[in-house]
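Okay, so here's the structure we're looking at.
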Amino acid sequence: MTLLHDDRNHITALFSKVLDENIDTLSVLFENCADVVKRKLSVGGENKADIFIIYIDNMIDKELLEMNTLLQLFRDLQDMPETDKFDYIKNRGIQTVDLIEVSTIPELVGQILSGDTIIMVDGYDKALRVSMRKAPNRGVPTSENEVTVRGSKESFSEALFINRVLLRRRIKDTNLKMKQQKLGARTLTDVAICYLDGVAKPEVIAEIERRLNEYTIDGLLDSGMLEQLTERNTYSPFPEFQSTERPDKAAAALLEGRVVILVDNSPVATLLPTTLNSFFQASDDAYSRWEVATFLRLLRYIGAFITMTLPGLYVAVLNYNAELLSPAMALSFSAAREGVPFSVLVEVIIMEISFQMLLEAGVRMPGPMGGTLGIVGGLIIGDAAVTANIVSPIVVIVIALTAITAFTVPNEPFASAFRIIRYFILALSAFLGLFGFIIGITCLLIHLGSLKSFGMPYMVPFAASGINHGSDTKDGMIRFPFRRLSRRPLFARRDERTKLVRKEGSSGMSGMEEEYEDGKGEE
């Protein structure tokens, strides 16, 4: 094997015009590969030609191969000429549109491993690739992690070709481009860069391509590995990419001028650039009335703040700044903690770790069992801990509320960042009280203000509300009515920001509405 590969596992074998030499090369490359089907045949009349067919079992449509290809090769090639046999077989023997020539061994092997059928002809240093893929897949599944009340229930699949179709169905525009390349020296994983040509910024696309080709990696198995490989904010808990399993959300991102990266074998698409505000937007926000969408977004922002700060604020107030509490509340807290042998900080840490373990166990358990474990485990542990005077009831309420509010953020990687920041603020609050709490919030805001995602500031539109005619703030914490959202955000090119215009001659009101507006509808 080492004779046919370099130190980076790239195939170095050359295509030969002698068919038997090519067969020997492929035999060595696919040695001990029981799923690879190989067959040497002779086709044609008096001027017979030797051909070699190779494919991977169960990755192609065998019926299509035998009935539409092999049958034609034996039936329609009786007048085989003495010369130009390759072109004759290509034009007369294979009646399919998806047919291309392959002229290198590495490309040929890559096509075989991708599920295509290769036909080689003796006397020619090139081959024919016939697409007959029929790889096993689970079709178009239902979204499980990003559940919405209104909108599409479809989710991305592990098959790249299905994911591309899901985007094409939603954006029927020839400007929707999909650049595809292979990453991973051994996995040869297909990666597609999807964008709207003329809307997405060319410099962003060029930067993405540069980062994808910056490293040579052994294998790429999921989009999460791709994100970690290409991110620049390596030591920040906040993601530089936005992930989604919903094709309608990915299509909406494309229409905004963002770029979508699809990775074969991964049901999660990557959206970029991204901002803090993007993570708080759910898929069905655009499908709901602006009052409902605004209310839900405000709840998400409040929930994120609570899950990040509540334990630290509780520890700071009780340890250092109890004078902020009213006498009645101070007495209530004191009575609740009577008999508890641990300090407030130890209480919070015990319950926090317990709930995080329950959360992790619930995720790893099978679906119905995981939900039961989370509910029953939380109730039993919380009640037992209070009864045994290990923790106070107030701490159980604080930690439970913190755990619940974390799930209001519609993006799991982003919500996990707040869980990590929570411990940072808790540590500062435990040692410095409210002063440490304020320092923690200030450091967080400074950190967020310094982050960028492919050149886009993380805090847009909050840090630069006046740019883009102030239109980005209309889709921030408060979502304006749909008719008012006439411009694309900063993700798009400057000359392609307008996305909604009123047609000429349209006043926006029907004739009957105009009559009532003018007072003509009165009797």
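Note that these values count all heavy atoms, side chains included, but never hydrogens, waters or copies made by symmetry.
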Should [X] and [Y] count as an ion pair when the cut-off is N to O under 4.0 Å?
{"X": "D20", "Y": "K40", "answer": "yes"}
{"X": "E207", "Y": "R211", "answer": "yes"}
{"X": "E63", "Y": "K134", "answer": "no"}
{"X": "R493", "Y": "E203", "answer": "no"}
{"X": "D116", "Y": "R133", "answer": "yes"}
{"X": "R300", "Y": "D285", "answer": "yes"}
{"X": "K17", "Y": "D125", "answer": "no"}
{"X": "D98", "Y": "R129", "answer": "yes"}
{"X": "R479", "Y": "E291", "answer": "no"}

Check: [X] side chain, [Y] main-chain N or O, donor-acceptor pair, under 3.5 Å:
{"X": "K153", "Y": "T148", "result": "yes"}
{"X": "D122", "Y": "A49", "result": "no"}
{"X": "E245", "Y": "E146", "result": "yes"}
{"X": "Q111", "Y": "I118", "result": "no"}
{"X": "K90", "Y": "F86", "result": "no"}
{"X": "D197", "Y": "K177", "result": "no"}
{"X": "R497", "Y": "A492", "result": "yes"}

Would you please test Y301 and N277 for side chain to side chain donor-acceptor pair (under 3.5 Å) and show each step?
CA-CA 9 Å; Y301 276 97; N277 184 49; 2.8 Å; yes
Would you say that more than 12 heavy atoms from the other residues, nucleotides or ligands in this model lie under 6.0 Å from the [atom1] of [X], or not?
{"X": "E214", "atom1": "CD", "result": "yes"}
{"X": "R186", "atom1": "CZ", "result": "no"}
{"X": "R494", "atom1": "CZ", "result": "no"}
{"X": "L41", "atom1": "CG", "result": "yes"}
{"X": "R232", "atom1": "CZ", "result": "yes"}
{"X": "F482", "atom1": "CZ", "result": "no"}

Side chains of [Y] and [X]: any donor to acceptor distance under 3.5 Å?
{"X": "R170", "Y": "S152", "value": "yes"}
{"X": "E154", "Y": "T142", "value": "no"}
{"X": "K182", "Y": "T187", "value": "no"}
{"X": "S16", "Y": "N22", "value": "no"}
{"X": "S155", "Y": "S143", "value": "no"}
{"X": "Y195", "Y": "N175", "value": "no"}

Minimal non-hydrogen separation, [X] against [Y], with atom names:
{"X": "P237", "Y": "I420", "result": "CB-CD1, 4.3 Å"}
{"X": "P141", "Y": "S157", "result": "CD-CB, 4.0 Å"}
{"X": "L255", "Y": "R488", "result": "O-NE, 2.6 Å"}
{"X": "Y55", "Y": "I53", "result": "CD2-CG2, 4.2 Å"}
{"X": "G303", "Y": "T405", "result": "O-CB, 3.4 Å"}
{"X": "T498", "Y": "V501", "result": "CG2-CG1, 3.6 Å"}

Determine, step by step, whether L262 and V260 satisfy the side chain to side chain contact (heavy atoms under 4.5 Å, CB included) criterion, reporting the C-alpha distance in whole Å, the side-chain angles of both residues, the deciding distance to 0.1 Å, and the verdict.
CA-CA 7 Å; L262 302 175; V260 175; 4.0 Å; yes
Examine R297 relative to F480 and say whether NZ or CZ is less than 6.0 Å from the centre of the six-membered ring and inside a 45° cone about the ring axis.
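No, R297 does not sit over the ring of F480.
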Under 6.0 Å from the six-membered ring centre of F491 and within 45° of its axis: does the NZ or CZ of R258 meet both?
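Here R258 passes the 6.0 Å and 45° test against F491.
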Side chain to side chain donor-acceptor pair (under 3.5 Å), that's the test. Do S416 and E412 meet it? Break it down for me.
CA-CA 6 Å; S416 299; E412 175 57 29; 3.2 Å; yes
How far apart are the C-alpha atoms of D6 and T12, what are their side-chain angles, what is the distance that settles it, and do they pass the side chain to side chain donor-acceptor pair (under 3.5 Å) test?
CA-CA 7 Å; D6 60 12; T12 58; over 6 Å; no
Would you please name every residue forming a ring-ring contact (aromatic ring centres under 6.0 Å, His included) with F238, sequence neighbours left out?
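Testing F238 for ring-ring contact (aromatic ring centres under 6.0 Å, His included), a comparison that skips the adjacent residues, returns F414, F418.
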Approximate separation, where rounding is to 0.5 Å, of N91 CG and I94 CD1:
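Taking CG in N91 and CD1 in I94, the distance rounds to 9.5 Å.
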Return all side-chain donor-acceptor pairs below 3.5 angstrom for residues 451-463, not counting sequence neighbours, or 'none' if the list is empty.
unit_1 : atom_1 : unit_2 : atom_2 : d
S453   : OG     : E240   : O      : 2.8
S453   : OG     : T274   : N      : 3.1
Y458   : OH     : P239   : O      : 2.7

Salt bridge (Lys or Arg N to Asp or Glu O under 4.0 Å) involving D35 - partner list, sequence neighbours excluded
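Expected list: none.
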Please say which of T230, L220, L229 ends up in a side-chain contact (heavy atoms from CB on, under 4.5 Å) with L212.
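Answer after filtering T230, L220, L229: T230.
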